[in-house]
Novice: 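Could you have a look at this structure, given as C-alpha cells, before my questions?
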There are 2 protein chains.
Amino acid sequence: MSNYDVKQEVTDKYSLRGRVFNRIREDILSGRYKENDELKEIAIGEELGVSRTPVREAFRQLELEGLIQIVPNKGAYVTGITMDDVKDIYMIRSKLEGLCARRACEHITEAQMEEMEENVYLAKFHAEKGHFDQMFALDNRFHELLYESCNSKMLEHLLKDYHQYVKRVRSKTLSTIERSVASNAEHQGIMEAIKNKDGDLAEKLATLHVDKAFSNMIKNGLKEVYQND
Amino acid sequence: MSNYDVKQEVTDKYSLRGRVFNRIREDILSGRYKENDELKEIAIGEELGVSRTPVREAFRQLELEGLIQIVPNKGAYVTGITMDDVKDIYMIRSKLEGLCARRACEHITEAQMEEMEENVYLAKFHAEKGHFDQMFALDNRFHELLYESCNSKMLEHLLKDYHQYVKRVRSKTLSTIERSVASNAEHQGIMEAIKNKDGDLAEKLATLHVDKAFSNMIKNGLKEVYQND
DNA sequence: AATGGTATGATTGTATACAATTATCCACAG
DNA sequence: CTGTGGATAATTGTATACAATCATACCATT
C-alpha cells in the first residue's frame, strides 16, 4: 500500500515466503486471526513446516500491506481496523471508483462489458432469492471487473487493495435483502452508463454507490453476516 | 503500496533492516541507483557492513513500496516509472488532493495554517529570485502540510506515498521560473481558500493545481532540473 | 562454424546458530 | 500486602552455513 504499490500481482506463489504470505493474509482476512492477535514466527513456521526466515520475510510484507504491525523486539500483531480507517477508505473509494467508472466508459473491452452485464443479471436473480453467499461473490466480482476495465494499473491496484482491505469489515456487517437488491440496481445503473459511454453519469453513480454502501454499513452497524457495496 | 498502507511512519529507524531500507530508498529516489540497476544482497550488505538477512528483508519491503522488483532466484532490479504510471498518479492525485484540500478547510490546525501561510510567502520570495533548491523544498513541504491537515491518516499516507514516488520523475523535469511563480500563486489560492474555509473552492483549486503541474511536466518533457507541483 | 550439453561460478532461497532484547515470575524488603 | 529487583525464559534481530537455482563459458559433436 505501501501505497500505489506496483508489486507483481502474484507474490511468487511457489516460494515458501509467498505461500506463508498468502496463507497468513487469508487467515487474517477470513477472521481466523483476529485483531490484536500475536503472530509468533516459530509457531507459524512450525505450523507450515518452514523455518523462521521465510516467515519473517512474509511478516515484513504483511506489515506494509497494513495487515499486521511489527513492534521491534516484541512481536507481530494483527492490526485492527478503526471506524476512522473504514470511513477514510470509503471516502477515498467514493472519489476513485467514480474516476474508475468514468475511465471504464472509454476503456472497457467487449469481453469485460459482457461479463459485467452477465454479473448484474445473475446477481438480480440471487438477490431476490436471498442467496447471500452468491451475492457476496458477484458483488466482489462486479467491483473487480470495474477496476480492471479502467485501463490504469495504478488505479486498478489501489482500488483492489482497498476493496480487499474492507472485506474484513464487510464480512462482519449485516446484509439485508433490501440492500442487496438496491445495491444490484445501482450496479445495473453503473453498467448501463458505461455501456452508453456516459462518463458523467457513470462517475456520479459509482460515487453514489460507494457512499450509499457506507451509509448502509453505518446504519446497520457491524453485525454477523456481510455487506453489499 | 501496498496502498492504503497503515504501516508505521518510522520504518524502525534503528534496526539494521530499517537503516538498509531507508538508505536504499534514498539512493533510488535520489537517482544514485538508476532504472533497471541490479541490487545484489551481498554487495549492499558489505557496503553497509551488515549481513544478507537485513538486506533481504529490506528488499521485500522495497518491493511492496514499488521501488524495486524482485525476480525469484535471480535478483532485485530498480523499477522504472513509465509515463503511464506518472500519468495515472497525477490523475489520482488530482482527485485526492482536491478531497484533501476540502477536508483541510474543516480540520487544519492553527499551527498548520500558520506554517502554510509562511510557506507561501517565503516561496514567493525564492520563486522570484530563482532559488530552485529552496523552491523545491518549500513546494514539497506545502504539499506535505496539506496532507497533514486533512485529518485522515489514510489519505495523508496515500498522498505522501504518491508524492514521494513522483519525486523521482520531478527531479528530472525542467523547472522554469515562470512555472515556479505560477505554482506558488496556485498554492496561495489554495491556502486562502482553506483559510476562508471555502471547501468548494479549495477542492477545485487543488485539483486544478495538480492538473496544471502535470500539463507543465508534459510540455517541458523530462529534462535536467525539477518540476514544481 | 553452429549447436547443444555439461561444468563451473555466482546469486538467491532456506535453515540454523547465536546475540540482543523483552517479558515473566518469584523472592524479598518495606 | 505491595512493590521492587533480578534471574530466567521466551521471542525477535542478525549472522552464517548450506541447498537450490540460474547464468556463463567452454568443449564436444555434427
Side-chain angles (χ1 to χ4, degrees), chain A residues 6-25 27-28 32-79, chain B residues 6-25 27-28 32-79:
Chain A
V6 201
K7 73 162 182 294
Q8 74 262 33
E9 299 305 315
V10 288
T11 311
D12 30 333
K13 213 169 176 179
Y14 298 107
S15 69
L16 291 188
R17 164 174 41 84
R19 290 218 294 274
V20 173
F21 177 84
N22 286 315
R23 169 64 182 275
I24 300 178
R25 181 197 178 96
D27 282 346
I28 292 177
R32 179 162 170 247
Y33 294 137
K34 297 188 183 55
E35 192 171 326
N36 295 326
D37 273 4
E38 183 169 3
L39 302 183
K40 293 188 191 113
E41 296 173 358
I42 298 176
I44 289 178
E46 284 179 353
E47 185 179 336
L48 302 183
V50 299
S51 79
R52 283 176 54 213
T53 307
V55 175
R56 281 179 63 81
E57 293 184 355
F59 275 19
R60 298 293 171 269
Q61 298 185 299
L62 288 163
E63 182 181 30
L64 284 199
E65 288 268 297
L67 291 174
I68 67 174
Q69 180 172 11
I70 296 176
V71 181
N73 288 312
K74 199 151 171 291
Y77 303 89
V78 178
T79 57
Chain B
V6 199
K7 74 166 184 291
Q8 73 265 34
E9 299 305 314
V10 289
T11 311
D12 30 332
K13 215 169 175 177
Y14 297 109
S15 69
L16 291 188
R17 164 174 41 86
R19 289 216 297 274
V20 174
F21 176 85
N22 285 316
R23 170 64 181 276
I24 300 178
R25 180 197 179 97
D27 283 347
I28 291 177
R32 179 163 171 246
Y33 295 138
K34 296 185 183 57
E35 191 172 326
N36 295 327
D37 274 4
E38 182 170 2
L39 303 182
K40 293 187 194 113
E41 297 173 357
I42 297 176
I44 290 180
E46 282 178 354
E47 185 180 338
L48 303 184
V50 299
S51 78
R52 283 176 55 212
T53 307
V55 176
R56 282 180 62 81
E57 293 184 354
F59 275 18
R60 298 293 171 267
Q61 298 185 299
L62 288 163
E63 183 181 30
L64 283 200
E65 288 267 296
L67 292 174
I68 68 175
Q69 181 172 11
I70 297 176
V71 180
N73 287 312
K74 200 154 171 289
Y77 302 88
V78 178
T79 56

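Everything numeric in this text was worked out from a predicted model, so none of it was measured. Each chain gets a letter, A, B and so on, in the order the sequences are listed, and its residues count up from 1.
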Novice: Identify the heavy atoms of Ile70(B) and Glu63(B) that sit nearest to each other, and give their distance.
Specialist: N-OE2, 3.5 Å
Novice: Report the nucleotide, chosen from dA15(C), dT12(C), dT21(C), that has the shortest atom-to-atom distance to any side-chain atom of Asn73(A).
Specialist: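 Output: dT21(C).
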Novice: Can you tell me how far P of dT12(C) sits from CD1 of Ile44(B), to the nearest Å?
Specialist: 9 Å
Novice: Just how far, in rounded Å, is P of dT21(D) from CD of Glu41(B)?
Specialist: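 Interatomic distance, CD of Glu41(B) to P of dT21(D): 16 Å.
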Novice: What nucleotide, of dT14(D), dT14(C), dT21(D), holds the atom closest to the side chain of Arg17(A)?
Specialist: dT14(C)
Novice: Check the distance between dT16(D)'s C1' and Leu16(B)'s CG and give it to me in whole angstrom.
Specialist: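 Going from Leu16(B) (CG) to dT16(D) (C1'), I get 15 Å.
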Novice: How close or far is atom P of dT22(C) from atom OH of Tyr77(A), stated in whole angstroms?
Specialist: 12 Å
Novice: Examine dT12(C): is either OP1 or OP2 under 4.0 Å from a nitrogen or oxygen in the side chain of Lys74(B)? Give yes or no.
Specialist: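 So the side chain of Lys74(B) is outside the cut-off, no N or O lying under 4.0 Å from OP1 or OP2 of dT12(C).
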Novice: What's the CZ-P distance between Arg19(B) and dG13(D), to the nearest Å?
Specialist: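 In whole Å, dG13(D) P and Arg19(B) CZ are 14 Å from each other.
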Novice: To the nearest angstrom, how far is Glu38(B) atom CD from dT12(C) atom C1'?
Specialist: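 My rounded result for the distance is 10 Å.
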Novice: Over how many whole Å does the gap from Lys40(A) atom NZ to dT12(D) atom C1' extend?
Specialist: 12 Å
Novice: Please round to the nearest 0.5 Å and tell me the distance separating atom CG of Asp37(B) and atom CZ of Arg32(B).
Specialist: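 One gets 10.0 Å once the value is rounded to the nearest 0.5 Å.
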Novice: Which residues, if any, of residues 49-60 of chain A bring a heavy atom under 4.0 Å of DNA chain C?
Specialist: Val50(A), Ser51(A), Arg52(A), Thr53(A), Pro54(A)
Novice: Between Asn22(B) and Gly18(B), is there a donor-acceptor pair closer than 3.5 Å when you use the side chain of the first and the backbone of the second?
Specialist: yes
Novice: What's the shortest heavy-atom distance between Leu48(B) and Arg23(B), and which atoms?
Specialist: CD2-NH1, 3.1 Å
Novice: Identify the two heavy atoms, one from Pro54(A) and one from Leu16(A), that lie closest to each other, and give their separation to 0.1 Å.
Specialist: CB-CB, 4.0 Å
Novice: Grab the two heavy atoms, one from Ile44(B) and one from Phe59(B), that are nearest each other, plus how far apart they are.
Specialist: CD1-CZ, 3.9 Å
